[in-house]
Amino acid sequence: MKELQKKSFKKSVVGIVTLLIAPLVSAEETIIQKEKLSFERCLKVIATSQDKLSIAPEVEDVSDQRRVAVFTLVDGTLTITCDGMEGNVTVSTNTN
């Protein structure tokens, strides 16, 4: 009988922990596009996205060759990262 109670308790604990951790795991950033692009063209991608979304992003100038633009949307965020040193643009999402 005590063995059955221990198993039931362990299953309950695992279930509760899963429910508590699941939202944290699902809130991870998802890369939807990554490609080679010059820094200047990447900056134009940010400007074009701002025009099409009609939302001003929060822009962080990490360095003179790295810029991160975060668009806050209804269901999460859209992030565009321009990396002039690597010559990459990365577009990612993070849902609420």
Side-chain angles (χ1 to χ4, degrees):
M1 183 64 162
K2 289 192 181 220
E3 190 64 34
L4 182 60
Q5 287 176 336
K6 284 183 184 180
K7 286 183 181 180
S8 294
F9 178 74
K10 286 180 183 179
K11 287 181 182 180
S12 296
V13 169
V14 169
I16 291 170
V17 170
T18 302
L19 289 173
L20 293 174
I21 293 176
L24 299 175
V25 173
S26 67
E28 286 186 25
E29 188 173 47
T30 303
I31 295 175
I32 57 175
Q33 185 176 4
K34 184 172 185 174
E35 63 182 59
K36 292 285 187 189
L37 197 65
S38 72
F39 188 68
E40 291 75 24
R41 297 247 346 211
C42 185
L43 296 179
K44 289 180 183 177
V45 168
I46 293 173
T48 302
S49 299
Q50 180 176 348
D51 292 342
K52 291 192 182 234
L53 294 171
S54 299
I55 300 171
E58 291 181 35
V59 179
E60 180 183 355
D61 293 326
V62 179
S63 70
D64 61 336
Q65 287 293 303
R66 185 170 169 85
R67 186 165 299 163
V68 178
V70 179
F71 294 88
T72 303
L73 308 172
V74 175
D75 60 344
T77 59
L78 174 74
T79 304
I80 301 174
T81 304
C82 298
D83 189 339
M85 299 297 285
E86 302 266 332
N88 288 331
V89 59
T90 305
V91 180
S92 59
T93 59
N94 194 342
T95 55
N96 293 340

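All values below were derived from every heavy atom in this structure, side-chain atoms included, with hydrogens, water molecules and symmetry-related copies excluded. Counting begins at 1 with the first residue of the sequence.
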Nearest 0.5 Å, what's the [atom1]-[atom2] distance between [X] and [Y]?
X     : Y     : atom1 : atom2 : answer
Asn94 : Glu29 : CG    : CD    : 6.0 Å
Ser92 : Gln33 : OG    : CD    : 11.0 Å
Thr93 : Leu73 : OG1   : CG    : 9.0 Å

Linked hydrophobic residues, Val62 as query - side chain contacts closer than 4.5 Å: Val68, Val70
Heavy-atom side-chain proximity of Val91 to Thr79 below 4.5 angstrom: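 Not in contact.
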Side-chain heavy atoms of Val89 within contact of Ile80, under 4.5 Å: yes
hydrophobic_cluster_shared for Val59 and Ile55, side chain cutoff 4.5 Å: no
Salt bridge (charged side-chain N to carboxylate O under 4.0 Å, His left out) contacts in which one or both residues fall within residues 63-72, not counting sequence neighbours: Asp61-Arg67, Arg66-Asp83
Salt bridge (charged side-chain N to carboxylate O under 4.0 Å, His left out) partners of residues 86-95, not counting sequence neighbours, each pair once: none
Atom pairs and distances, side-chain donor-acceptor, residues 37-54, under 3.5 Å, sequence neighbours left out:
residue, atom, partner, partner atom, Å
Ser38, OG, Arg41, N, 3.2
Thr48, OG1, Lys44, O, 2.9
Ser49, OG, Val45, O, 2.8

Partner residues of Thr81 under the side-chain hydrogen bond (donor to acceptor under 3.5 Å, both in side chains) criterion, sequence neighbours left out: none
Contacts of Asp75 that satisfy salt bridge (charged side-chain N to carboxylate O under 4.0 Å, His left out) - sequence neighbours left out: none
Whether over 12 other heavy atoms sit under 6.0 Å from Gln65 CD: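 Correct, the count exceeds 12.
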